[in-house]
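Any value given below was found using the heavy atoms of this structure, including those in side chains, with hydrogens, waters and symmetry copies removed. In what follows, residues are counted from 1 in the order of the sequence shown. Model, not experiment: these values are computed from the prediction.
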Amino acid sequence: SSFRRKGNSELLSKLILKKIENNKKSGEIINLRDYKLLQCDGCMRCVFKNERCPLPDDFYSLMEKIVKADAFFLIAPTYVTTIPGSLKLLMDRYLLMPSYFEKLYSKPAVSIGVASPIDWFSFQLPLMNMFLLGLGFKIIDSFLILGAGPGEVLLEKDSLSRLDYAIKKILSPSLSQEEYEEKISTHCPICFSMLFERIDQERIRCPVCHTQAKWTEEGFIFSKESVKNHRWTKENIEEHFKSWILRTKELFRKNLPEII
């Protein structure tokens with residue numbers, strides 16, 4: 001989702017594609033800069049009237065590209081601790097995503113954030129992964145590669161080794177489809193976020209996935225039940241749309257006399 005030509009994100013994309021093709025697989029690079037995306041104006045026609053979004057942009061052609069993927073790498077630069085605006089524009093069209101969610105559900109994905117070596121990237125991976133989970137992908141790895149100037153990411157040997165492992169994992173069905181189990185971790189098992197809300201003295205919660213864990217000296221203990229019932233499961237997303245989003249029209253009409 002970088003607009004910089006021949007920048008770090010594009011270089012990583014080309015490197016990943018080359019490595020995938022070396023494994024006798026095919027792939028394609030999708031650059032957000034090649035697609036016109038407009039800001040959602042909140043008309044709600046897609047929800048309440050089940051109509052096609054009237055905005056004159058490339059949203060549907062972009063999503064048709066994404067939905068054909070068997071696996072997905074999301075690569076984005078970090079702007080002021082978080083994702084670039086182009087990716088946020090796409091995220092904000094979330095009300096259109098249910099029609100794609102079923103087709104993408106549980107397909108493996110890897111997110112790679114490109115950031116400068118200083119600590120200005122805290123919200124990058126959580127928001128990248130929120131986008132992937134919102135589409136239905138299962139995140140099998142998520143990490144940063146540091147490099148400010150064009151090409152500097154190629155100097156990060158340890159990160160490139162992890163990239164090789166992520167490619168191996170995404171190409172292996174046995175590795176990419178591992179079941180969620182109880183585990184002790186320093187990050188959320190679903191979205192890899194290391195940002196947590198503190199519920200009480202013993203419990204924390206991931207703000208992205210709503211998975212809960214017990215806080216111990218060894219790390220955060222995520223129960224199997226909590227991990228398997230995270231915010232982005234198929235059942236929870238369906239419930240969210242039926243019980244909340246679709247009901248907002250009814251609630252608004254009920255509250256309208258008081259609002260007026």
Side-chain angles (χ1 to χ4, degrees), residues 1-3 9 13 27-76 79 82-111 123-124 126-139 190-191 207-210 229-260:
S1 62
S2 175
F3 272 59
S9 296
S13 300
E28 180 181 359
I29 296 173
I30 303 172
N31 288 306
L32 276 188
R33 64 171 179 255
D34 296 332
Y35 295 84
K36 177 184 177 183
L37 292 172
L38 298 177
Q39 176 66 54
C40 173
D41 61 10
C43 73
M44 303 296 282
R45 293 182 193 175
C46 59
V47 176
F48 298 142
K49 296 185 178 181
N50 197 28
E51 292 182 359
R52 186 179 176 90
C53 178
L55 293 178
D57 67 3
D58 299 325
F59 172 82
Y60 288 104
S61 58
L62 172 59
M63 289 306 304
E64 285 306 315
K65 281 272 189 182
I66 293 175
V67 83
K68 290 177 182 177
D70 295 316
F72 196 74
F73 283 86
L74 176 62
I75 306 171
Y79 293 163
T82 189
I83 58 176
S86 56
L87 186 55
K88 184 62 168 64
L89 278 176
L90 186 55
M91 284 179 66
D92 286 347
R93 306 290 283 279
Y94 180 67
L95 294 179
L96 293 167
M97 299 302 182
S99 59
Y100 304 102
F101 190 88
E102 183 75 28
K103 299 174 184 177
L104 290 169
Y105 194 69
S106 287
K107 288 185 178 181
V110 173
S111 63
F123 301 103
Q124 175 72 347
L127 286 176
M128 290 177 69
N129 294 338
M130 186 184 298
F131 169 74
L132 290 173
L133 290 165
L135 281 177
F137 284 108
K138 179 180 181 179
I139 300 166
I190 305 301
C191 71
V208 176
C209 301
H210 267 203
N229 192 40
H230 61 84
R231 186 202 300 268
W232 308 100
T233 65
K234 189 184 301 184
E235 296 77 16
N236 285 340
I237 290 299
E238 289 177 356
E239 179 65 18
H240 176 63
F241 270 83
K242 290 178 182 177
S243 298
W244 173 244
I245 293 177
L246 290 175
R247 287 189 62 232
T248 56
K249 182 177 182 179
E250 170 192 332
L251 292 171
F252 173 72
R253 285 177 171 172
K254 179 181 178 181
N255 292 328
L256 187 59
E258 186 175 349
I259 293 172
I260 295 174

Where at least one partner belongs to residues 57-72, residue pairs that pass salt bridge (charged side-chain N to carboxylate O under 4.0 Å, His left out), sequence neighbours excluded: E28-K65, D57-R93
Worked verdict on F73 versus S13 for side-chain contact (heavy atoms from CB on, under 4.5 Å): CA-CA 8 Å; F73 283 86; S13 300; over 6 Å; no
Approximate separation, where rounding is to 0.5 Å, of L55 CG and R45 CZ: 9.0 Å
Nearest heavy-atom neighbours spanning M44 and T248: CE-OG1, 4.4 Å
Exam field: side chain Y35 to backbone I30, donor-acceptor pair closer than 3.5 Å: no
Qualifying salt bridge (charged side-chain N to carboxylate O under 4.0 Å, His left out) pairs with a residue from residues 241-260, counting only residues at least two apart or across chains: none
Under 3.5 Å: donor-acceptor pair, side chain of Q39, backbone of D92: no
Heavy-atom side-chain contact between D34 and L62 under 4.5 Å: no
Under 3.5 Å: donor-acceptor pair, side chain of N31, backbone of R33: no
Interatomic distance, I66 atom CD1 to S61 atom OG [nearest 0.5 angstrom]: 10.0 Å
Test item: R231 side-chain N/O and V208 main-chain N/O as donor-acceptor pair under 3.5 Å: yes
side-chain contact (heavy atoms from CB on, under 4.5 Å) evaluation trace for F59 with L90: CA-CA 8 Å; F59 172 82; L90 186 55; 3.8 Å; yes
F131 side chain near L127 side chain, heavy-atom distance below 4.5 Å: no
H210 and N236: CA distance, side-chain angles, deciding distance, side-chain contact (heavy atoms from CB on, under 4.5 Å) verdict: CA-CA 11 Å; H210 267 203; N236 285 340; over 6 Å; no
Taking every non-hydrogen atom, the tightest pair across L38 and P56: CD1-CD, 3.7 Å
Nearest heavy atoms of W244 and L251, plus distance in Å: CZ3-CD1, 3.8 Å
Closest approach of I139 to C191 (non-hydrogen atoms, all atoms of both residues): CD1-CA, 4.3 Å
Nearest-0.5 Å distance, NZ of residue K88 to CD1 of residue I83: 7.0 Å
Evaluation steps, side-chain contact (heavy atoms from CB on, under 4.5 Å), between L87 and L74: CA-CA 10 Å; L87 186 55; L74 176 62; 4.3 Å; yes
Worked check of ring pair (Phe, Tyr, Trp, His ring centres under 6.0 Å) between F101 and Y94: CA-CA 10 Å; F101 190 88; Y94 180 67; 8.2 Å; no
Student check: side-chain heavy atoms of K234 and E238 closer than 4.5 Å: yes
I237 side, atom CD1; E235 side, atom CD - distance, nearest 0.5 Å: 10.0 Å
Exercise: identify the closest heavy-atom pair between Y60 and C53: OH-N, 2.8 Å
Close side-chain approach of V67 to L104, heavy-atom, < 4.5 Å: yes
Over all atoms of both residues, closest heavy-atom pair of S86 and L37: O-CD1, 4.2 Å
Under 3.5 Å: donor-acceptor pair, side chain of K107, backbone of F72: no
Over 12 foreign heavy atoms within 6.0 Å of CG, N255: yes
Non-hydrogen side-chain atoms of V47 and L246 separated by less than 4.5 Å: yes
pair F137-V110: side-chain heavy atoms closer than 4.5 Å: no
Beyond-backbone contact of F241 with L95, side-chain heavy atoms, under 4.5 angstrom: yes
Contacts of type side chain to side chain donor-acceptor pair (under 3.5 Å), residue E51, not counting sequence neighbours: none
M97 side chain reached by L135 side chain, heavy atoms, under 4.5 Å: yes
